[in-house]
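Below, chain A is the first sequence line, B the second, and so on; all start at residue 1. These numbers come from a predicted model, not from an experiment.
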Number of protein chains: 2
Amino acid sequence: MASSRPATNLSAIAAALGVSVATVSNALSGKGRVSPELVERIRKTASELGYVPSSAGRALRTGKSGVLGLVLPDIANPLFPQIAQAIEKAAVNAGYGVLIADSRGEIAMQTDAINRLIERGVDGMVIVPRRGTRIGDVDCPVAVIDSPSTPGNTVAADHWDGGRQVGEYLAALGHNKVVLLGKNRDSNVQNDRLGGIRDGLGKACVTETLWVDAIEKADGAGCRLGLADGVAEGFTAFAAVSDLHALRALTELQREGIEVPEEASVTGFDDLIFSAVVTPPLTTMRMDMGRIADLAVDALLRAIDADSGFENGLAAEVTAEISKVPMALVMRGSTGKKKHDAIEAKKTTAGELTP
Amino acid sequence: MASSRPATNLSAIAAALGVSVATVSNALSGKGRVSPELVERIRKTASELGYVPSSAGRALRTGKSGVLGLVLPDIANPLFPQIAQAIEKAAVNAGYGVLIADSRGEIAMQTDAINRLIERGVDGMVIVPRRGTRIGDVDCPVAVIDSPSTPGNTVAADHWDGGRQVGEYLAALGHNKVVLLGKNRDSNVQNDRLGGIRDGLGKACVTETLWVDAIEKADGAGCRLGLADGVAEGFTAFAAVSDLHALRALTELQREGIEVPEEASVTGFDDLIFSAVVTPPLTTMRMDMGRIADLAVDALLRAIDADSGFENGLAAEVTAEISKVPMALVMRGSTGKKKHDAIEAKKTTAGELTP
DNA sequence: CTGAAAGCGCTTACAG
DNA sequence: CTGAAAGCGCTTACAG
């Protein structure tokens with residue numbers, strides 16, 4: 001892989017054409033006030049010489065790096081690809097680059113990650129905060145992607161309403177004993193989703209919540225969740241706060257010989273990469289990540305512009321309104337009508353249902 | 001979220017202390033030749049004033065941005081989190097930032113992505129190329145992460161040997177009719193893995209390869225792979241080139257009432273996020289992504305240093321040796337001894353095996 | 001329509 | 001041990 005130093009700059013172009021660097025700069029930036037013919041000649045020479053503007057020179061002069069930071073609680077999080085892709089796309093569309101910073105799940109590293117980005121001169125940053133973390137004062141414009149129930153300027157999916165949709169859907173299917181699967185009690189997002197599910201299910205529905213972290217703490221990582229017991233007790237649906245846990249439930253149920261969706265329905269959240277290809281495919285609640293990213297980046301750019309107005313040590317308020325982006329139900333094969341009576345029949349007169 | 005302009009620079013510190021900017025610079029960069037007492041005073045003042053060095057100023061002066069690019073074929077790829085996390089970690093350890101560029105699966109966008117990074121002034125970049133793509137001459141140091149069978153300077157896991165380990169493991173378990181699951185015929189990585197699996201399985205083993213892309217093209221996205229037929233034909237193991245396809249196989253088999261691992265073993269690659277938590281957990285072949293990232297970043301930094309030596313338009317050769325990083329088998333519950341006889345018995349005298 | 005000049009913040013020889 | 005000066009490449013008033 002060869003690499004050659006172009007070393008072409010505005011001066012080189014100016015020298016080649018016998019004009020001034022100011023004129024070259026103006027011509028290339030299309031700021032007008034250069035004759036069309038000269039612009040054409042300058043453009044041609046620039047491309048012949050393989051001119052690539054120096055981002056450092058421009059950044060130093062303008063005070064803007066053209067780079068946005070993306071702070072993530074944990075890149076290993078299965079939802080991260082969607083977020084990163086959407087933010088990168090939104091940023092590129094706006095002419096910005098994206099610098100990533102991973103706090104690898106540790107709260108302490110979140111501050112480090114933010115500081116690294118500031119040292120690299122980002123113009124602003126999108127932060128997906130660690131559960132429950134409040135972002136302290138950051139010395140540059142910030143947009144937060146989190147749950148709407150988090151205080152502060154955030155853009156988020158309407159997790160509660162997404163949960164409500166899941167609950168209503170399951171209720172409409174006839175389910176009235178539902179197991180809810182959460183991971184961690186401290187997560188705003190998860191609590192919103194679960195609250196919404198209970199809400200949508202209605203008061204008539206019996207509900208039990210299992211916290212995966214708590215179960216694993218007691219029984220070890222990757223242990224069974226004991227869902228077959230739930231089915232034995234008459235639960236007919238399992239609603240998880242993430243497709244990862246929905247998948248876990250699906251495979252555990254299948255392994256225990258419980259058919260999904262005939263004997264138990266399973267729902268998840270986020271439409272993760274595997275959700276459409278498992279058998280049966282997972283019914284899930286999807287966020288419009290593209291829209292969330294667009295809103296976050298828009299808010300950020302407005303804040304950056306506003307910030308530029310106050311060069312004299314004044315604080316600029318980033319006033320992104322709290323946005324709730326609607327979620328959408330993706331109905332797939334892992335959910336079906338409640339068949340509790342049939343299950344009961346099977347249990348009492350075993351074999352009757354099989355040919 | 002308030003944000004204040006620090007506007008503190010070397011001059012401000014120098015002025016506050018009545019010394020020169022050169023001294024402040026030397027003191028802060030620890031280049032010596034400043035008296036310890038002065039260094040201390042300068043440090044103190046700098047931190048009091050909230051001094052953050054200007055990356056633009058430094059970059060302009062030194063010609064180095066301190067930023068590495070990471071070009072990805074598709075952020076949505078399930079392996080991406082591991083790669084991104086490892087590269088980010090390696091880069092941060094080396095004092096670099098990471099700018100991401102996603103080519104969203106389109107080959108044409110790979111060049112765009114690379115150019116965007118060059119325009120942002122990265123010192124070098126790590127490229128995970130799209131299947132079969134050759135990276136053309138890029139005007140900055142490049143390290144490629146791909147299959148070792150790709151020509152050019154690459155660092156990669158030893159996919160072939162990983163496959164061989166899987167094959168030997170399955171053979172040792174007694175499997176002699178194995179279905180291989182690939183996605184795309186053009187992928188070097190997949191062909192290496194599959195070749196290795198066949199190699200490890202040995203000549204005595206009957207092997208059949210299913211290409212998911214081809215099946216989906218015929219039967220639609222997310223369709224069944226028809227694996228139950230394979231079991232009926234006497235195949236007892238399914239070895240996939242990725243955990244994603246292994247998961248697909250696992251759930252399809254489960255859904256068809258075939259027990260894993262009792263009646264069929266399933267193996268994957270990459271130890272994706274879900275692999276440890278499904279039931280049964282997936283046996284998989286894991287890369288040491290941390291090591292791969294370290295090697296890639298190391299090679300890149302050497303290339304960057306070498307490059308600095310040739311400022312006069314000369315081409316510098318990036319001579320990262322081709323490195324093959326070993327892979328490691330993670331044995332979990334989705335694989336077991338071949339029980340073909342038992343399966344045969346079950347098929348002929350149905351019901352005999354169930355209580 | 002074009003150009004000379006200043007200056008963004010930093011580092012690095014060089015001189016003292 | 002400390003400082004004056006140059007210059008990295010760019011953009012932007014300002015003058016002509």
Side-chain angles (χ1 to χ4, degrees), chain A residues 5-43 45-46 49-67 95 118-123 308 311-312, chain B residues 5-43 45-46 49-67 95 118-121 123 308 311-313:
Chain A
R5 310 246 118 259
T8 303
N9 53 25
L10 290 186
S11 311
I13 300 171
L17 259 47
V19 298
S20 75
V21 288
T23 299
V24 176
S25 174
N26 281 322
L28 258 23
S29 62
K31 287 273 200 303
R33 50 189 180 224
V34 182
S35 68
E37 306 82 51
L38 223 200
V39 168
E40 193 42 48
R41 287 174 56 213
I42 290 175
R43 284 235 178 84
T45 308
L49 294 173
Y51 172 66
V52 175
S54 154
S55 53
R58 182 172 295 168
L60 182 55
R61 174 65 227 230
T62 62
K64 301 258 156 282
S65 63
V67 173
I118 289 184
E119 276 160 24
R120 302 246 168 255
V122 298
D123 294 337
S308 307
E311 302 285 5
N312 313 313
Chain B
R5 312 245 118 260
T8 304
N9 52 24
L10 290 186
S11 312
I13 300 171
L17 259 48
V19 298
S20 76
V21 288
T23 298
V24 176
S25 174
N26 281 323
L28 258 23
S29 63
K31 287 273 200 301
R33 50 189 184 224
V34 181
S35 67
E37 304 81 52
L38 223 201
V39 168
E40 196 39 51
R41 285 173 57 212
I42 289 176
R43 283 235 179 83
T45 309
L49 294 173
Y51 172 66
V52 177
S54 154
S55 53
R58 180 173 296 168
L60 183 56
R61 174 65 225 232
T62 62
K64 301 259 157 281
S65 63
V67 174
I118 289 184
E119 278 161 23
R120 302 246 168 255
D123 293 336
S308 307
E311 300 285 6
N312 314 314

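Both B:A56 and B:A22 sit near DNA chain C, but only B:A56 has its closest nucleotide nearer the 5' end. Heavy-atom nearest nucleotides on DNA chain D were determined for A:V21 and for B:G57, and the one closer to the 5' end corresponds to B:G57.
Listed nucleotides: D:dT12, C:dG9, D:dA4. Nearest to the side chain of B:S20: D:dA4. Here the side chain of A:T23 is nearest to one of C:dC8, D:dC10, C:dT2, namely C:dT2. Out of C:dA4, C:dC10, D:dC10, the shortest distance to the side chain of A:S54 is found at D:dC10. Closest contact between the side chain of B:P36 and the listed nucleotides D:dC1, D:dG9, D:dA6 involves D:dC1.
The minimum heavy-atom distance linking A:V19 with A:L38 is given by the pair CG1-CD2, 4.2 Å. Among all heavy-atom pairs drawn from A:I13 and A:A46, the shortest one is CD1-CB, 3.7 Å. Closest approach of A:A27 and A:I42 over heavy atoms only: CB-CD1, 3.6 Å.
As a whole-Å value, the separation of A:R41 CZ from C:dT2 C1' is 13 Å. Here the P atom of nucleotide D:dT2 and the CG atom of B:L28 are 14 Å apart, to the nearest Å. Going from atom CG of A:L60 over to atom P of D:dC10 covers 12 Å, rounded to whole Å. A:N9 has its CG atom 12 Å from the C1' atom of D:dG7, to the nearest Å. In this structure, B:L38 atom CG and D:dG3 atom P are separated by 7 Å, rounded to whole Å. Note: CZ (A:R58) to C1' (D:dC8) measures 16 Å, nearest angstrom. For the pair B:R61 CZ and D:dG9 C1', the computed distance is 13 Å after rounding to whole Å. Look at CG on A:N26: it is 18 Å from P on D:dG16, rounded to the nearest Å.
Residues A:T45 and A:Y51 fail the side-chain proximity criterion, which asks for heavy atoms closer than 4.5 Å.
Base pairing of C:dC14: its partner is D:dG3, meeting the Watson-Crick or G-U wobble criterion (both donor-acceptor distances under 3.5 Å).
Distance OG1/B:T62 to CG/B:D123: 8.0 Å, rounded to 0.5 Å.
Taking 4.0 angstrom as the limit, B:S35 places a side-chain polar atom (N or O) nearer than this to OP1 or OP2 of D:dT2.
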